[in-house]
Amino acid sequence: MTKNKLVLIDGNSIAYRAFFALPLLNNDKGVHTNAIYGFTMMLTRILEDEKPSHILVAFDAGKTTFRHQTFSEYKGGRQKTPPELSEQFPFIRELLDRYSISRYELENYEADDIIGTLSLQAEKEGFEVKVISGDKDLTQLSSENTTVAITKKGITEIEEYTPAHIEEKYGITADRIIDMKGLMGDSSDNIPGVPGVGEKTALKLLKEFGTLEDLLKSIDQVSGAKLKEKLEQHKDQAIMSKQLATITREAPVEVSLQDLHYKGYELDQVKSLYKELGFNSLLDKLGVADEDAEEESLAEISYTIVEKIEQEMLTDHSAFYVEILEDNYHYADITGFSIVNESGSYFISKEAALQSELFKKWAEDPDKKKTVYDAKRSEVSLRHHGIHLKGVDFDLLLATYIIDPSETIEDVASVAKKHGYSAIQSDEIFYGKGAKRKVPETEQLAEHLVRKALVLDSLKNQLIDELEENKQSDLFYNLEMPLSLILADMESFGIQVDLNRLKEMGKEIILKLDEIEKNIFALAGEAFNINSPKQLGVILFDKLGLPVIKKTKTGYSTSADVLEKLEADHEIIREILHYRQLGKLQSTYIEGLLKVVNNESEKVHTRFNQALTQTGRLSSTDPNLQNIPIRLEEGRKIRQAFIPSEQDWVIFAADYSQIELRVLAHIADDEKLISAFREDLDIHTKTAMEVFHVEAEDVTSNMRRHAKAVNFGIVYGISDYGLSQSLGITRKEAGQFIERYLESYPGVKQYMEDIVYDAKQKGFVTTLLQRRRYLPEITSRNFNLRSFAERTAMNTPIQGSAADIIKKAMIDMAARLEKENAKSRLLLQVHDELIFEAPKDEIELLSKIVPEVMENTVELKVPLKVDFSFGPTWFDAK
DNA sequence: CGAACCACGC
DNA sequence: GACGTACGTGGTTCGC
């Protein structure tokens, strides 16, 4: 027989935790649901992980408890429960009822005491007990048979307190936790303890003397006159504090263990509450989403499966959808087409379309306007069949992204749903996922694709209005839409790779890796998997006994910054760092790249995601060509494998110098920063002069390094913590640096304040070209979420405007190359740089027009500056 | 198959 | 004072 397992949940504490950990969610009825939601997440997780045979959720009863008789100020000075939370408690109780989980509260006692009493009873009956709370006080219940799980951050992560863990963490046994509380008190419960004694002192004393009572008997042996006096003075208070902190195991609870037996829940009960609360993701998890989607039959539509395309089907304005199942459209084939316009709704098979001259003519006619979803994807795939898509006047994907980049866009259905349009299934449901994915019969496929085109047709005007309302039409029509065509060109053309060079480098690296591996095994005294942080941790910290600097939630951290601190302690560290560096090159950049090179052309065709980042930047996948190594020479050599696609051509690279800081100077209108850029000063040195109040010649390299890191922090919106990490200084020092920076540039300081205020008023921030980012969490009462939103408010206009600028430069550049009749082509964009390939005889031309176009694409209060270089490979363009 | 960890770029 | 900290992509390991 399996052991009985009782789970005891501290209801109030978990509700509080959930409430403060999650943003203040609202459901459609205007009820706040964050605590309910968090509580539900926690509960379902517990049921799944623990599979309890018995379960109870305990709540605090009224305001006063037996503890108030001992100490009337117990829990005094506590903030009132926010009304936004109070209103959620009835729903939490309802939730438990729906789950058929017992709940209990007891007059004069706290949830802790109920839990303490029942856990003791259960232990005596031979149960395994698990206590779940957000309050560390409960750890005193930890015993051989009882584990106490305390939520750590948010609500999903927990720390398990077993007696062993407590000993390891505090160096005292579990039953001394209350002695610790007696000494140090607890400000949240208003338990006084002994003034001036905190966790460290308390632990030291208990380790030396045993229990609190033992200690108080031997006060004269305590070292330190002050401490002695304090203990003597507050003896009684300490005893009382211990009493207050002690959870009673003998509360008069009226439920028996048998009452807590858990028999599972009625799916319908839970389902209907989830629906009422609007917990859609949880409904999905219950596995009812699919069922529902099938149940809920979509409104019927009529359409034609086209055998032969006729002229009257191809009118002047159509919604046109191109389906490609695989995500990599460079290699996947078209699945089918659909067209919706005033003449009708049509499904056209790939064959029927591609054989038709009429279709090709229509697709390539710029006067036949098309509304599409993902123009770039459609364009690239049609090109494989010799068709150049023209006349796209609306791209639903890009419009959705422009309106709110935070929406996750998966397919046409996800976009439709967001706009209240539900007559379509998601691709995941329609085609299936993973191994189960398949293309259904023509009839069904036709309907699905026609539904997509219907979405395009019916959402278009609505989104045009929204763009107009947001003043984003210019951004949409004149920036993102034309850019998608330029990106299509760049992606389709691809970049030539020197396969031999790459393979040679791979061989060399393998030899070196073998060598290093041997050294590491010799130094470790055994063979192990160096790539496994877990195994590596055992070797370094258990076997070799190196000091543990940082832990992750699953074990020792072996990240580079940790290892760097250990470099002096053992020579194995340097070898491991080197192994990691080369391993990364080998797996990601040699093997990874080789995997995606086109066998015939020996080119790579990345895909730029134009509708993903929150800031407006592009991203790049398969392969990611925006993170090819450059910092370390060994890695930088990878760039030697990227070569021009034609004989006697060169790679030409141009990058904006300090574009973000220039943008900052402009939007913050900071006098000093503006003049620094107008005089073309070294901005890091200039910042060092300002921050450290020294003359240019007195700026040391260390000052400049610090100034550079602060500038970096400003640009990327990192916190004092982030800055402290990157400079290896304390958080306080980092905070002081930031403060001094802001004093040095008062315009920047003003901007930072204004933009946060503005974001709080409007709920979003904008960039130079009206890109938006919504920041709902900027009004959160959760410090974390709010701070993050505030930094984002400061940073996004900077980074996003820089992204706007380079995107515009790409468009201007494409036009200029055409005007000059140049053969040179744009290949890549890496956030602040553009990479071209060019015939040698156009180097001179590019040297003139690239900086000219890039520097003048927008006019700011400071000049934009572009550096460039060229060479036979990307490596040499430095 | 997904989560966790690590590392590369801007 | 808590809390966990720029944006991305991709590789490996590990447990389910």
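Note that the structure is predicted; figures quoted are calculated from it, not measured. We use all heavy atoms of the structure for the numbers below, so side chains are in, but hydrogens, waters and symmetry mates are not. Naming: A, B, ... by sequence-line order, numbering from 1 per chain.
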Establish, with yes or no, whether the OP1 or OP2 oxygen of [N] is under 4.0 angstrom from a side-chain nitrogen or oxygen of [X].
X      : N      : result
A:R791 : C:dA6  : yes
A:T554 : B:dC5  : yes
A:S532 : B:dC5  : no
A:Q535 : C:dC14 : yes

Look at the side chain of [X] and decide which nucleotide, out of [options], has an atom nearest to it.
X      : options              : value
A:K553 : B:dC6, B:dC10, B:dC5 : B:dC5
A:I718 : C:dA6, B:dC6, C:dC14 : C:dA6
A:T613 : C:dG4, B:dG9, C:dC7  : C:dC7
A:Y716 : B:dC5, C:dA2, C:dA6  : C:dA6
A:Y721 : B:dG9, C:dG8, C:dT5  : C:dT5
A:T552 : B:dC6, C:dC7, C:dT5  : B:dC6
A:F783 : C:dA2, B:dA4, C:dA6  : C:dA2
A:N531 : B:dA7, C:dT13, C:dA6 : C:dT13

Regarding [X], tell me which of base, sugar-phosphate or nothing describes its non-hydrogen contacts under 4.0 Å with the strands shown.
X      : answer
A:Q614 : sugar-phosphate
A:N609 : nothing
A:E660 : nothing
A:T558 : sugar-phosphate

Spacing between [X] atom [atom1] and [N] atom [atom2], to the nearest angstrom:
X      : N      : atom1 : atom2 : result
A:K595 : C:dT9  : NZ    : C1'   : 13 Å
A:L775 : C:dC7  : CG    : P     : 11 Å
A:R631 : B:dA7  : CZ    : C1'   : 9 Å
A:D561 : C:dT5  : CG    : P     : 14 Å
A:L632 : B:dG9  : CG    : C1'   : 12 Å
A:I530 : B:dA7  : CD1   : C1'   : 16 Å
A:F528 : C:dT12 : CZ    : P     : 18 Å
A:K550 : B:dC5  : NZ    : C1'   : 11 Å

Expressed as a whole number of Å, how far does the [atom1] atom of [N] sit from that of [M]?
N     : M     : atom1 : value
C:dA6 : B:dC8 : C1'   : 15 Å
C:dG1 : B:dA7 : C1'   : 33 Å
C:dG4 : B:dA4 : P     : 14 Å

Query raised in the report: So, A:Y745 versus A:Y741, ring centres under 6.0 angstrom or not?
Result: yes
Report task. Please check if the distance between the ring centroids of A:F875 and A:F642 is under 6.0 Å. Result ->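 Aromatic pair excluded; centres sit 6.0 Å or further apart.
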Query raised in the report: Between A:R791 (side chain) and A:G717 (backbone), is there a donor-acceptor pair under 3.5 Å?
Result: yes
Query raised in the report: Is there a donor-acceptor contact under 3.5 Å from the side chain of A:R607 to the main chain of A:D327?
Result: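 Yes, the answer is positive, given that a donor and an acceptor are paired below the 3.5 Å cut-off.
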Scan side-chain atoms only and decide if [X] and [Y] contain a donor-acceptor pair under the 3.5 Å cut-off.
X      : Y      : value
A:D542 : A:Y556 : yes
A:S13  : A:S133 : yes
A:Y329 : A:E491 : yes
A:H605 : A:N598 : no
A:E777 : A:S780 : no
A:D876 : A:T873 : yes

Query raised in the report: Want to know the stems of DNA chain C: at least 3 consecutive Watson-Crick or G-U pairs with distances under 3.5 Å, which are they?
Result: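 Stems for DNA chain C, defined as runs of 3 or more consecutive pairs: B:1-9 with C:7-15.
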Query - Greater than 12 external heavy atoms within 6.0 Å of A:R501's CZ - result: yes
Requested in this report: Please check if atom NZ in A:K136 has more than 12 non-hydrogen atoms from other residues, nucleotides or ligands closer than 6.0 Å.
Outcome: no
Query raised in the report: Is there a donor on the side chain of A:R731 or the base of C:dG4 sitting less than 3.5 Å from an acceptor on the other?
Result: yes
Query raised in the report: Between the side-chain atoms of A:S719 and the base atoms of C:dT5, is any donor-acceptor pair under 3.5 Å?
Result: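 Answer is yes: a donor-acceptor pair is held.
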Query raised in the report: Which comes earlier along DNA chain C counting from the 5' end, the contact point of A:L612 or that of A:D720, where each point is its nearest nucleotide?
Result: A:D720
Requested in this report: Please work out which residues in residues 575-593 of chain A have a non-hydrogen atom less than 4.0 Å from an atom of DNA chain B and list them by number.
Outcome: A:R580, A:K584, A:Y589
Query raised in the report: Do you know which of A:R437, A:K436, A:K433 makes salt bridge (Lys or Arg N to Asp or Glu O under 4.0 Å) with A:E428?
Result: A:K433
Query raised in the report: Heavy-atom contacts under 4.0 Å between residues 616-629 of chain A and DNA chain C, which residues?
Result: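 Contacting residues: A:S619, A:S620, A:T621, A:D622, A:N624, A:N627.
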Query raised in the report: Say you draw a straight line from CD1 of A:I520 to NE2 of A:H578; how long is it, rounded to the nearest 0.5 Å?
Result: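 Going from the CD1 atom of A:I520 to the NE2 atom of A:H578 covers 10.0 Å.
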